[in-house]
Trainee: 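Quick one: the structure is below, questions incoming.
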Amino acid sequence: MNHNPPPRRPQTPQRRPDGPTRRPTTSAAPRSQGNPARPLIHPARAARRRRQRSVIMSIFVVIILLICLLIGLIFSELATAIGTLVDRTASDKPDKGKTTTVATDVTGDSSTSTGTSAPSAMAMTTVQMAKEEISTGMLQLVGPEHPYVFPASISNIVNLFDNRPYVTLEDGTKTRAYKVRNSNQSLDRTALDALNHMLEAFYNEYKVTDLLVTWAYRSLKDQEDLYALYVKDYPGYSDAQIKQLLLDQVDTPGYSEHHLGTCVDLKLYTDSGVTYALDENPGYLSWLTENCWKYGFILRYPTEKAAVTGISYDPHHFRFVEVPHAYYMMSNGLCLEEYLEELRETTAADGDHLKIEVDGGASYEVYYVKANGGTVDIPVPTDYPYTVSGDNQSGFIVTVTMD
Ligand SMILES: [Zn+2]
């Protein structure tokens, strides 16, 4: 396959080896003259050969031009990719207002206008909230270093077992779209509506009702009881030792996201009575992690964020944070800690806003308001719907729905 058959031999030096055309012609002429055994070439045949040569040369030139064109295209794509990378790096380290403007330009190119930039023109007013209210709302951070502040009374928590949607099986019978470990599980009303929509969509995709909610809302006592079950495995250890040993196994009472009432742990439970982990069915898990943002959920503890969240990979734990925030975190590969930090560092009511245009959905503007003093003045729009959530750290996040 490396060489052509003999009849084409005179042409081969011109076709490829050294590329430039000059060399084959100068070397071919003396060789044909200096070879006495070679017969004279008939003029018609010579003319045919010249035609063949010129055709080959033309093809050669066209190929070279095509290669140049291809190289040009590759360089152009590379330059675009490098430009995007540089700008993304800049937006990942938002230290000054200038950087946030760059991020807007980049995302503006890519079919959505998601990014940080000057706020849209909107009439504003002010609402007042107590500083303690930073420990309320959908976006508050609760974790190993951020204890949950329990409210005086619980509202908006509803029974999950009784409020599951029905789906119609292929044989026509109606059943619940998913299963629950026991009838005591409950969830925040808004998060439950979103969960129901998500798990109905899951049923429509796979036609199975095997998803099982093992845990939803947990009171302080629920968490204490759960923790005690783990403590039993370490008789004779001190409290400090046990706390360290259990770090990766169970949340310390008062530090669990389940206190929020907006999180669920999902497993699988077959009709034959077998429970298994979600990551034992990678297809199901992938569907949930790829689609959960559409319903406002995030996979809260991904492997690559363990150092940031302080909690190792958990394929079961999904948290409701509402659609725009879930969408932005998913699109930008951020966990909640990183997202809140970005909002704190790059947005303000009278500074830049984070503009989020949800793929196939509404547009939002998000900004951070630091909680200074006992009562906090929070600028909010007069003509657009908005929500305010504390971050359970230092301030409030305002989310404005623009359309
Ligand atoms: Zn959980």
Side-chain angles (χ1 to χ4, degrees), residues 138-150 154 157-161 164 178-188 190-192 194-196 198-199 202 210-231 243 245-269 275-281 284-285 287-289 291-293 295-322 325-326 329-330 335-337 339 392:
M138 289 292 179
L139 289 172
Q140 55 177 312
L141 184 63
V142 172
E145 293 173 11
H146 300 279
Y148 180 62
V149 179
F150 288 91
I154 300 168
I157 297 286
V158 295
N159 183 277
L160 187 148
F161 190 87
R164 291 170 295 157
Y178 59 92
K179 296 161 181 166
V180 189
R181 186 172 57 86
N182 61 39
S183 59
N184 299 326
Q185 298 300 317
S186 53
L187 204 63
D188 173 273
T190 310
L192 175 59
L195 179 78
N196 285 344
M198 179 167 78
L199 300 192
F202 178 89
D210 289 353
L211 278 178
L212 170 76
V213 176
T214 57
W215 271 109
Y217 167 73
R218 279 186 211 143
S219 66
L220 180 61
K221 184 170 186 314
D222 289 334
Q223 193 68 31
E224 285 169 347
D225 292 346
L226 186 65
Y227 197 79
L229 290 176
Y230 286 80
V231 172
K243 190 173 179 180
L245 286 163
L246 293 184
L247 264 184
D248 253 7
Q249 301 179 52
V250 62
D251 297 330
T252 308
Y255 294 77
S256 173
E257 273 204 339
H258 286 276
H259 296 319
L260 293 164
T262 53
C263 302
V264 287
D265 290 338
L266 296 175
K267 288 191 176 180
L268 293 158
Y269 184 73
T275 306
Y276 56 102
L278 206 48
D279 53 354
E280 288 181 58
N281 189 318
Y284 290 175
L285 180 59
W287 188 93
L288 284 165
T289 54
N291 291 282
C292 63
W293 70 266
Y295 308 92
F297 282 89
I298 52 171
L299 179 72
R300 181 66 179 91
Y301 305 117
T303 311
E304 68 277 11
K305 301 295 181 186
V308 186
T309 61
I311 292 179
S312 55
Y313 175 54
D314 185 345
H316 308 112
H317 184 101
F318 289 81
R319 172 168 170 180
F320 180 72
V321 290
E322 294 185 328
H325 309 293
M329 282 185 250
M330 181 276 301
C335 62
L336 182 62
E337 286 82 353
Y339 177 58
N392 199 28

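On a predicted model such as this, the values are computed, not experimentally measured, just so you know. First listed ligand is number 1; within each ligand, the first listed atom is number 1.
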Trainee: With a 4.5 Å heavy-atom cut-off, do D314 and R300 have their side chains touching?
Mentor: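 No; the side chains remain at least 4.5 Å from each other.
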
Trainee: Considering only heavy atoms from C-beta outward, does the side chain of L266 approach that of F318 to under 4.5 Å?
Mentor: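 Side chain of L266 against side chain of F318, heavy atoms only: contact under 4.5 Å found.
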
Trainee: The Zn ion (ligand 1) and H258: any N/O/S contact shorter than 2.8 Å?
Mentor: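 It does; at least one qualifying atom falls short of 2.8 Å.
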
Trainee: Under 6.0 Å between ring centres, would you say that holds for Y284 and F202?
Mentor: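 Yes.
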
Trainee: Would you say the Zn ion (ligand 1) has H317 as a near neighbour, meaning an N/O/S atom of that residue under 2.8 Å away?
Mentor: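 A backbone or side-chain N, O or S atom of H317 is under 2.8 Å from the Zn ion (ligand 1).
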
Trainee: With respect to the Zn ion (ligand 1), please indicate if D265 possesses an N, O or S atom at a distance under 2.8 Å.
Mentor: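 So D265 does bind the Zn ion (ligand 1) by this criterion.
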
Trainee: Which label fits Y301 and H317: parallel for a plane angle under 30°, tilted from 30 to 60°, or perpendicular past 60°?
Mentor: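 Tilted.
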
